[in-house]
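We count ligands from 1, going down the list as the structure has it; atoms in each ligand are counted the same way. When reading the values below, keep in mind they use all heavy atoms of this one structure, side chains included, and skip hydrogens, waters and symmetry mates. Computed from a prediction, not measured in an experiment: that's the story for all the values here.
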Amino acid sequence: MTAAGRATAVAHPNIALIKYWGNADADLRLPSNGSISMTLSGLETRTSVAFVQGLPSDRVTIGGQPAQPQAAARVSRVLDRVRSLAGIPRPADVDSVNSFPTAAGIASSASAFAALACAAAAAAGLDLEAPDLSRLARLGSGSACRSLFGGYVEWLPGSDDASSFSVQIAPPEHWDLVDVVAVVSRAPKEVGSSEGHRRADTSPLQAGRVREAPLRLAACRRAILEKDFSALAEIVEQDSDLMHEVMRTSMPPLDYASPVTQALRSAVRSWRATGLTVAYTQDAGLNLHLLCPASASKEVAERVRSFPGVLELLVAGPGGPPRVTKADDSG
Ligand code: DP6
């Protein structure tokens, strides 16, 4: 077997401040609404790719184990696009490792597909700009297209493959926000995001959520640019609550509330009412993300650590873009 050059890339996950929920085109992952996120430092996925003559088909290893068929098919979708852009017919050998536990409530698909897009493009010798890498990552996982940029990022929903990609709103050093993740469950979620997106339009509330999204995006963008934490807190919590209302009223319904998350959400609201700068947001899982300025992160972490039912904390600040760490021709 001969390999054309192996490339390795490292990318970070992100936490959505304005959520992506529902697709206008599920196959291309064109979202029903735009979204905004913060890329998370510290946590990362490292993925290496080589296009190898003689492999019968793509070989995908995740955390040392062969990937499940569904995950492998998503990886091949991204690789197929790279092969067609580069004119490479060969299958790929893909090896991916996360630095953080996949069941810890941080979406690993975002960092995984961002790293895959960068490593595959580099291994194929493609010199793609960040927006094109963002479009490539989007084919594997929607939220991954935001992890192509560091700091504060907006996914412009677009109307076709060419117009749906992310842009940076502000670099990581613009605002030192911290995401304190309260892990309340380590069990893998029963229903994944892709299935959740398919159900979104069955909720009578989804149309209103999507219609008003531009207003929430504008408010969030402004709060970030002006570093206005209380404005950010209000819009981020409202947007998260709206998505969870859509989930709860979908058919069949999806409910990611547990007594601990509910209690913690109420606690965050009352802590903020008494002067602590903190806000919550929750993705498609039970764990709760607590956002705060770095100056409040110690106090927030202390309160969360001693909160009944919280198993552990992960703490991340604004992270940078992916890095291609190794690209060579030795195979
Ligand atoms: C609730 O990007 O994980 O985290 O495109 O099917 O991989 P797929 O979905 P995914 O959905 C993310 C949903 C969310 C909100 C968000 O990150 O914007």
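Side-chain contact, Trp21 with Ser193: no donor N or O sits under 3.5 Å from an acceptor N or O. Checked by atom type, the side-chain pair Asn23/His197 shows no donor-acceptor distance below 3.5 Å.
Other residues, nucleotides and ligands contribute more than 12 heavy atoms inside 6.0 Å of the CG atom of Asp160.
Listed by number with element, the atoms of ligand 1 under 4.0 angstrom from any heavy atom of Ser143 are 2 (O), 3 (O), 10 (P), 17 (O). Residue Ser109 has at least one heavy-atom neighbour below 4.0 Å for each of these atoms of ligand 1: 3 (O). Here is the list of ligand 1 atoms found below 4.0 Å of a heavy atom in Ser193: 3 (O), 9 (O), 10 (P), 11 (O). Listed by atom number, the atoms of ligand 1 under 4.0 Å from Gly142 heavy atoms are 2 (O), 5 (O), 7 (O), 8 (P). Close approach to Arg74 involves these atoms of ligand 1, each under 4.0 Å from a residue heavy atom: 7 (O), 8 (P). Taking every heavy atom of Arg146 and a limit of under 4.0 angstrom, the matching atoms of ligand 1 come to 16 (C), 17 (O), 18 (O). Every atom of ligand 1 with a heavy atom of Ala284 under 4.0 Å away is listed here by number and element: 1 (C). Below 4.0 Å from some heavy atom of Ala16 lie the following atoms of ligand 1, by number and element: 16 (C), 17 (O), 18 (O).
Ring-plane geometry between Trp271 and Phe307 is classed as perpendicular, the angle between the planes exceeding 60 degrees on a 0 to 90 degree scale with a lower cut at 30.
With a 4.0 Å cut-off on non-hydrogen atoms, Met247 does not touch ligand 1 at all. By the criterion of a heavy-atom distance under 4.0 Å, both the backbone and the side chain of Ser141 are placed next to ligand 1.
For a threshold of 3.5 Å applied to N or O pairs, the pair formed by Arg29 and ligand 1 contains at least one separation below that value. Note: no N/O pair closer than 3.5 Å links Lys19 and ligand 1 by distance alone. In terms of polar-atom proximity, defined here as any N/O pair under 3.5 Å, Asn14 makes no such contact with ligand 1.
Between Glu302 and Arg305 there is no salt bridge, since no side-chain N of the basic residue sits under 4.0 Å from a carboxylate O of the acidic one.
The main-chain N or O of Phe51 is never found under 3.5 Å from a side-chain atom of Arg83 such that the two would form a donor-acceptor pair. In this structure a side-chain-to-backbone donor-acceptor pair under 3.5 Å is missing from Ser203 to Ala200. Between the side chain of Asp58 and the main chain of Ala92, a donor-acceptor pair closer than 3.5 Å is present.
For residues 156-194, the set of pairs meeting the ring-ring contact (aromatic ring centres under 6.0 Å, His included) definition, not counting sequence neighbours, is empty.
Within the 4.0 Å heavy-atom cutoff, Met243 counts among the residues contacting ligand 1.
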